[in-house]
*Asks:* 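I have a structure here, written as structure tokens, and I will follow up with some questions on it.
Labels below follow one simple rule: chain letters A, B, ... track the order of the sequence lines, proteins then strands, and each chain is numbered from 1.
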Amino acid sequence: MRAMNYRGPQRVRIEDKPMPEILHPEDAIVRVTRSCICGSDLHLYNGNVPDTRVGMTFGHEFIGVVEEIGSEVHKLKVGDNVLVPFNIACGKCAFCKQGLYGNCHESNPEATAVGGIFGYSHTAGGYNGGQAEYVRVPYANFGPTVIPEGMDPDDAVLLTDVVPTGYQAAEMGGIQKGDTVVVFGAGPVGIMAARCAWLFGAARVIIIDHIEYRLEFAKNYAKCEAYNFKSMNDPVVFIKKETDWLGADVVIDAVGAEAEGSAMQSITGRKMLLQAGSATALHWAINSVKKGGIVSIVGVYGPTSNLVPIGNVVNKGLTIRANQASVKRLLPKLIEHVKNGTLKPKGLITHRIPLEAIADAYRIFSDKLDNCIKPVLIPSTAKY
Amino acid sequence: MENINKDYMQIEGWGVDADPENDPTYPMKHRTNEEHKGYHWERSEQQPALVEILHSNERPNLSAVFGTSAPPKGLSGMIRRYAFRYSEGSFAHWIPLIMADRVNVIEGIIDDLKRGRFPNIWAEKGLKARWKYDKKKIFQNIGAGTLLISGVAGFLFWKINTIKA
Ligand SMILES: NC(=O)c1ccc[n+]([C@@H]2O[C@H](COP(=O)([O-])OP(=O)(O)OC[C@H]3O[C@@H](n4cnc5c(N)ncnc54)[C@H](O)[C@@H]3O)[C@@H](O)[C@H]2O)c1
Ligand SMILES: [Zn+2]
Ligand SMILES: [Zn+2]
């Protein structure tokens, strides 16, 4: 089969690889019909996630058709059209049982601080991912969800990560009616977070980035205010001014380790890897939220440590909430939101690229070329 | 681990201010306090480890399932094995892993060459897309590269001349 193959920082290619096999009685093999590249893949692509081994296939956002099932799979059958949450979760451990499906304890031997994730380095379990024609899906009785009749596959593929992550970012903000919400990052996740902030009753939603076309897109898609931090002297002072000098009620970090905007953070975090990525957006978030306010983090950082003003967190009495999105927990609600038209995820998709052109697809998404918001990869095995 | 103080409920004031509403994990966690029972849940069948799988020393075992995409091998594999002697809280775990990743890149190139394949770095870096949408950056990079090379060359030339003199 054809699959993406990681060769080193910013080097990926498409190659013939052996077909995935059933390795556990609860596995399924899925023929991929759509997969995406995510901002999280950029941390891998840039070589910033430790234990990213040459030869592995990335991709944690995919949908497809069940081709084969293990002897213990009862909840799926061959031919089912499924969307597969990006987290690999057993559904039985103490964490899964309480809805923390992004924190399963039985899907990642290599690290206890993160659950298993498809195609996300050995630090997240060493699984090959869905930027391929076929993929092995463990815990097939639990994770994969049959795509409701009539749902557009482009909507379905965004339900594997972007929609639940954006939604959970807003949910973790504990947004109350009338709140002012600031979102750092106008990528697919930040835009979805801004869109979802309204669902919780925000009165004002402000998104901040430095890429003009993304800000324009966000303004239209998420019906929010959008500002470019490159045109501000100091983003924190800008937000203070905009909020009658008190700060925002809720600030969401939808940027993570690849953040720009501070030379010191970028050099120590992204070039020298002295930090687990650059924490510029998180730094701004902590400083621009109101006293007693809430910072919600979905931006991804590496496993070591970051330079953030933790003293201000204490002195301002902040609540910090963060997680990998618990996709399976949110799916029933979000499928409803998509079905009744409250959320229209596929509007985020700007690029449809054949899987064969994977290297160019990474470059376009990574460098933010050609007004790209979200690229979808189509393998040649996709029949629709 | 056993709780040494079996009579903790007898401690004066125990639980008087317990407030189930004071739960900052809501709604992410549907709290049942399952984990108070320890690592005793019903696990799925253990996936057999047919290839070498390294596991965090912060857990006693392999998780019931795991990926098998790229088992440790070669020099990078040796470094990874060393790294896994240290916990996830230790730089001695993560820094060797990053080093192993870089060594692995060179091993990857050697592997390619051994299979008679010369990696097409231009294509792998997706520079065709950059050429199409962002020629400026390519010229900037070439410019910066030329500047660096001529700088280094100039310095060496100057060094050689001064040494001669
Ligand atoms: N927690 C989760 O479950 C989860 C799931 C998916 C993605 N993520 C993470 O969310 C983040 C965003 O993902 P994405 O797909 O939208 O990525 P993306 O790269 O498309 O978007 C990130 C955006 O942030 C902008 N940015 C850079 N520095 C900034 C700064 N200092 N302030 C404001 N904006 C800045 C970039 O210009 C870019 O538009 C990533 O870190 C990704 O790993 C987390
Ligand atoms: Zn993702
Ligand atoms: Zn679990």
*Asks:* Determine the option with the most heavy-atom pairs under 4.5 angstrom with chain B, choosing from A:Gly8, A:Gly99, A:Pro50.
*Replies:*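 Of the options given, most contacts go to A:Pro50.
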
*Asks:* Given heavy-atom pairs under 4.5 angstrom as the criterion, report whether the side chain, backbone, both or neither of A:Glu26 touches chain B.
*Replies:*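 The answer is the side chain of A:Glu26.
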
*Asks:* Evaluate the side-chain proximity of B:Val105 to A:Pro9: yes if any heavy-atom separation is below 4.5 Å, no if none is.
*Replies:*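 With C-beta onward as the side chain, the pair touches.
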
*Asks:* Looking at B:Asp112 and A:Arg13, is there a salt bridge between them, counting it only when a charged N and a carboxylate O are closer than 4.0 Å?
*Replies:*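 So A:Arg13 pairs with B:Asp112 through a salt bridge.
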
*Asks:* Let's go through B:Val65 and A:Tyr127 carefully: what are the C-alpha distance in whole Å and the side-chain angles of both, what is the deciding distance for side chain to side chain contact (heavy atoms under 4.5 Å, CB included) to 0.1 Å, and is it a yes or a no?
*Replies:* CA-CA 10 Å; B:Val65 307; A:Tyr127 299 90; 3.3 Å; yes

*Asks:* Please classify the contact of B:Glu107 with chain A as side chain, backbone, both or neither, using a heavy-atom distance under 4.5 Å.
*Replies:*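 Looking at B:Glu107, nothing touches chain A.
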
*Asks:* Drop me the distance from A:Asn108's CG to B:Phe66's CZ, to the nearest 0.5 angstrom.
*Replies:*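 A:Asn108 CG to B:Phe66 CZ: 11.5 Å, rounded to 0.5 Å.
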
*Asks:* More than 12 heavy atoms of other residues, nucleotides or ligands under 6.0 Å from NZ of B:Lys135: yes or no?
*Replies:*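 Check passes, neighbour count above 12.
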
*Asks:* Please answer whether the main-chain N or O of A:Lys97 pairs with a side-chain N or O of B:His30 as donor and acceptor at a distance below 3.5 Å.
*Replies:*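 Side chain of B:His30 to backbone of A:Lys97: no pair is present.
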
*Asks:* Do B:Arg59 and A:His105 have side chains that approach each other closer than 4.5 Å (heavy atoms only, starting at C-beta)?
*Replies:*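 Yes; the side chains approach each other to less than 4.5 Å.
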
*Asks:* Given that the side chain runs from C-beta out, which part of A:Pro20 has a heavy atom under 4.5 Å from chain B: side chain, backbone, both or neither?
*Replies:*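 No part of it gets close to chain B.
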
*Asks:* Top residue by heavy-atom pair count (under 4.5 Å) with chain A, among B:Thr25, B:Leu62, B:Thr32?
*Replies:*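 Top count of heavy-atom pairs under 4.5 Å with chain A: B:Thr32.
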
*Asks:* So does A:Lys92 pair up with B:Glu34, basic N to acidic O under 4.0 Å?
*Replies:*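 No, no charged N to carboxylate O under 4.0 Å.
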
*Asks:* Quick check on A:Tyr101 against chain B: is it the side chain, the backbone, both or neither that has a heavy atom closer than 4.5 Å?
*Replies:*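 Answer is neither: A:Tyr101 stays 4.5 Å or more from chain B.
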
*Asks:* Which atoms of B:Ser76 are under 4.5 Å from chain A, going by heavy atoms: the side chain, the backbone, both sets, or neither?
*Replies:*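 When you check distances to chain A, no heavy atom of B:Ser76 falls under 4.5 Å.
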
*Asks:* Counting only heavy atoms closer than 4.5 Å, note whether A:Thr112 contacts chain B via side chain, backbone, both or neither.
*Replies:*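 Contact with chain B involves both backbone and side-chain atoms of A:Thr112.
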
*Asks:* Quick one: of B:Arg117, B:Met99, B:Lys128, who has the most non-hydrogen atom pairs under 4.5 Å with chain A?
*Replies:*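 Most pairs with chain A among the choices: B:Arg117.
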
*Asks:* Any idea which of B:Ile109, B:Leu97, B:Asn104 has the most non-hydrogen atom pairs under 4.5 angstrom with chain A?
*Replies:*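 Among the listed options, the one with the most contacts to chain A is B:Asn104.
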
*Asks:* Report the option among A:Pro138, A:Ser107, A:Ala357 that has the most heavy-atom pairs separated by less than 4.5 Å from atoms of chain B.
*Replies:*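 Of A:Pro138, A:Ser107, A:Ala357, A:Ser107 has the most heavy-atom pairs under 4.5 Å with chain B.
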
*Asks:* Inspect the surroundings of CE in A:Met19 and state if more than 12 heavy atoms from other residues, nucleotides or ligands are less than 6.0 Å away.
*Replies:*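 Above 12, so yes.
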
*Asks:* Checking heavy atoms, do the side chain of B:Tyr39, its backbone, both or neither come under 4.5 Å from chain A?
*Replies:*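 Just the side chain, heavy atoms under 4.5 Å.
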
*Asks:* Highest number of heavy-atom pairs under 4.5 Å with chain A: which of B:Pro48, B:Gly38, B:Ala70?
*Replies:*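 Sorted descending by pairs with chain A, the first entry is B:Ala70.
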
*Asks:* Ion pair present between A:Arg53 and B:Asp101, side-chain N to carboxylate O less than 4.0 angstrom?
*Replies:*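 Result for this pair is no, no salt bridge flagged.
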
*Asks:* Nearest 0.5 angstrom please: B:Arg130 CZ to A:Asp360 CG, how far?
*Replies:*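 The CZ atom of B:Arg130 sits 11.5 Å away from the CG atom of A:Asp360.
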
*Asks:* Roughly how far, to the nearest 0.5 Å, is CD of B:Glu124 from OH of A:Tyr362?
*Replies:*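 Reported value, rounded in 0.5 Å steps: 13.5 Å.
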
*Asks:* Within the structure provided, determine whether A:Asp51 and B:Arg80 are in side-chain contact (heavy-atom separation under 4.5 Å).
*Replies:*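 Answer yes - side chains close enough.
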
*Asks:* Can you tell me which of B:His36, B:His55, B:Lys37, B:His40 forms the most heavy-atom pairs within a distance under 4.5 Å of chain A?
*Replies:*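 Going by pairs under 4.5 Å, I would pick B:His55.
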
*Asks:* Name the region of A:Gln168, side chain, backbone, both or neither, that has any atom closer than 4.5 Å to a heavy atom of chain B.
*Replies:*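 Side chain only.
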
*Asks:* For the candidates B:Arg43, B:Glu58, B:His93, B:Gln46, which exhibits the highest count of non-hydrogen atom pairs separated by less than 4.5 Å from chain A?
*Replies:*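 Of the candidates given, the most pairs with chain A belong to B:Arg43.
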
*Asks:* Does some side-chain heavy atom of A:Glu110 sit less than 4.5 Å from a side-chain heavy atom of B:Ile53?
*Replies:*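 Sidechains of A:Glu110 and B:Ile53: in contact.
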
*Asks:* Could you look at A:Leu273 and say if it's the side chain, the backbone, both or neither that has a heavy atom under 4.5 Å from chain B?
*Replies:*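 Contact with chain B involves the side chain of A:Leu273 alone.
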
*Asks:* Looking only at heavy atoms and a cut-off of under 4.5 Å, which of A:Gly47, A:Ala113, A:Gly126 has the most pairs with chain B?
*Replies:*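 Counting heavy-atom pairs under 4.5 Å, the top option is A:Gly126.
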
*Asks:* Which atoms of A:Ser305 come close to chain B, meaning under 4.5 Å heavy atom to heavy atom: side chain ones, backbone ones, both, or neither?
*Replies:*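 Side chain only.
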
*Asks:* Hey, is CG on B:Asp17 packed in by over 12 heavy atoms from elsewhere, all under 6.0 Å?
*Replies:*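 Counting other residues, nucleotides and ligands, CG of B:Asp17 stays at 12 neighbours or fewer.
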
*Asks:* In terms of heavy-atom proximity below 4.5 Å to chain B, should A:Phe95 be classed as side chain, backbone, both, or neither?
*Replies:*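 For A:Phe95, the contact with chain B is made by the side chain alone.
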
*Asks:* Is it the case that over 12 heavy atoms from other parts of the model lie below 6.0 angstrom from the NZ atom of B:Lys73?
*Replies:*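 No - once you tally the heavy atoms of other residues, nucleotides and ligands closer than 6.0 Å, there are 12 at most.
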
*Asks:* In terms of heavy-atom proximity below 4.5 Å to chain B, should A:Cys93 be classed as side chain, backbone, both, or neither?
*Replies:*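 A:Cys93 touches chain B through backbone and side-chain heavy atoms alike.
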
*Asks:* Identify which part of B:Ala100 has an atom lying under 4.5 Å from any heavy atom of chain A, answering side chain, backbone, both or neither.
*Replies:*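 Nothing of B:Ala100, per the 4.5 Å heavy-atom cut-off to chain A.
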
*Asks:* Tell me the closest heavy-atom pair linking A:Leu23 and B:Gln47, and the distance in Å.
*Replies:*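 Nearest heavy atoms, A:Leu23 then B:Gln47: O-CG, 3.6 Å.
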
*Asks:* Under a 3.5 Å threshold, yes or no: a donor from one side chain and an acceptor from the other, between B:Glu35 and A:Gln98?
*Replies:*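 The criterion, which ignores hydrogens and geometry beyond distance, is satisfied for A:Gln98 and B:Glu35.
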
*Asks:* Taking all atoms of both residues into account, what is the closest heavy-atom pair of B:Gly108 and A:Arg7, and its distance?
*Replies:*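 It is O-NH2, 3.2 Å.
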
*Asks:* Would a distance-only check, ignoring hydrogens and angles, find a side-chain to backbone donor-acceptor pair under 3.5 Å from A:Arg321 to B:Pro24?
*Replies:*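 Present.
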
*Asks:* Would you give the length of the straight line joining atom OG of B:Ser69 to atom NZ of A:Lys17, rounded to the nearest 0.5 angstrom?
*Replies:*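 Going from the OG atom of B:Ser69 to the NZ atom of A:Lys17 covers 7.0 Å.
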
*Asks:* Indicate whether the side chain of A:Glu106 and that of B:Ser44 have a donor and an acceptor atom separated by less than 3.5 Å.
*Replies:*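 There is no such pair (donor and acceptor under 3.5 Å, judged by atom type) between the side chains of A:Glu106 and B:Ser44.
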
*Asks:* How far apart are the closest heavy atoms of A:Arg136 and B:Gly67, and which atoms are they?
*Replies:*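 Nearest heavy atoms, A:Arg136 then B:Gly67: NH1-CA, 4.1 Å.
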
*Asks:* Which bit of B:Pro71 comes within less than 4.5 Å of chain A, counting heavy atoms only: side chain, backbone, both or neither?
*Replies:*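 Backbone only.
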
*Asks:* Side chain, backbone, both or neither: which part of A:Thr57 has a heavy atom under 4.5 Å from chain B?
*Replies:*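 A:Thr57 has no heavy atom closer than 4.5 Å to chain B.
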
*Asks:* Could you measure the distance from the CG atom of B:Leu54 to the NE2 atom of A:His122? Nearest 0.5 Å is fine.
*Replies:*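 Taking CG in B:Leu54 and NE2 in A:His122, the distance rounds to 8.0 Å.
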
*Asks:* Less than 4.5 Å apart, side chain to side chain, heavy atoms only: is that true for A:Pro303 and B:Trp94?
*Replies:*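 In short, these two side chains touch, coming nearer than 4.5 Å.
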
*Asks:* So for A:Arg11, is it side chain, backbone, both, or neither that comes closer than 4.5 Å to the heavy atoms of chain B?
*Replies:*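 Both backbone and side chain of A:Arg11 come within 4.5 Å of chain B.
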
*Asks:* Using heavy-atom distances under 4.5 Å, tell me whether A:Pro25 contacts chain B through its side chain, its backbone, both, or neither.
*Replies:*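 Contact with chain B: side chain only.
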
*Asks:* Side chain, backbone, both or neither: which part of A:Glu15 has an atom under 4.5 Å from a heavy atom of chain B?
*Replies:*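 The side chain, not the backbone.
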
*Asks:* Can you tell me how far CG of A:Leu100 sits from CE of B:Met28, rounded to the nearest 0.5 angstrom?
*Replies:*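 Answer rounded to 0.5 Å: 7.0 Å.
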
